Amino acid sequence: MSKYDQNTRVIDLTLGELLSAIEEKVREVQNSQQQTAESDRHFVYGLKGLAKLLGCSKTTAARLKATGNYDEAITQVGALLIIDADKVLEIARNK
């Protein structure tokens with residue numbers, strides 16, 4: 001509520017003021033949820049995770065990784081593969 005602080009009594013508000021305060025708060029919550037949803041990323045790990053994501057065998061997932069088509073979506077740290085699932089699906093859709 002921009003006009004009123006947290007200590008304003010509800011009885012001191014008119015119906016219109018109360019409704020506009022509620023609408024403002026609902027908009028704030030919806031905007032924050034949209035931003036959170038956009039920033040959430042989904043990751044899978046390893047060839048097993050990639051295979052499950054694409055619905056193929058682990059061998060096929062290894063072959064697909066070796067082509068280099070998915071390099072921008074795959075980060076390798078030592079033996080660990082960290083795969084951005086959304087990017088992989090986007091690349092798969094475009095190819």
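All values reported here derive from a predicted model rather than from experimental measurement.
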(Q) Test salt bridge (Lys or Arg N to Asp or Glu O under 4.0 Å) on E28 and K25; report intermediate values, then the result. (A) CA-CA 5 Å; E28 284 177 23; K25 189 63 175 177; 3.7 Å; yes
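The salt bridge (Lys or Arg N to Asp or Glu O under 4.0 Å) check on R27 picks up E23, with sequence neighbours excluded. For V10, the side-chain contact (heavy atoms from CB on, under 4.5 Å) partners are L18, not counting sequence neighbours.
The only option from I82, I83, D86 that meets the side chain to side chain contact (heavy atoms under 4.5 Å, CB included) definition with F43 turns out to be I82.
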Could you go through residues 45-64 and list every donor-acceptor pair under 3.5 Å that involves a side-chain atom there, pairing it with any protein atom two or more places apart or in another chain?
from : atom 1 : to  : atom 2 : distance (Å)
S57  : OG     : T60 : N      : 3.1
S57  : OG     : T60 : OG1    : 2.9

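In this structure, the separation between CG on L81 and CD1 on I74 is 6.5 Å, given to the nearest 0.5 Å. The structure places CD of Q76 at 8.5 Å from CG of L80, a figure rounded to the nearest 0.5 Å. The structure places CD of E72 at 9.5 Å from CG of D84, a figure rounded to the nearest 0.5 Å.
Criterion: ILVMFWY side-chain heavy atoms under 4.5 Å apart, direct or through other members. Under it, I22 and L13 are part of a common hydrophobic cluster.
Closest approach of Y70 and I91 over heavy atoms only: CE2-CG2, 3.7 Å.
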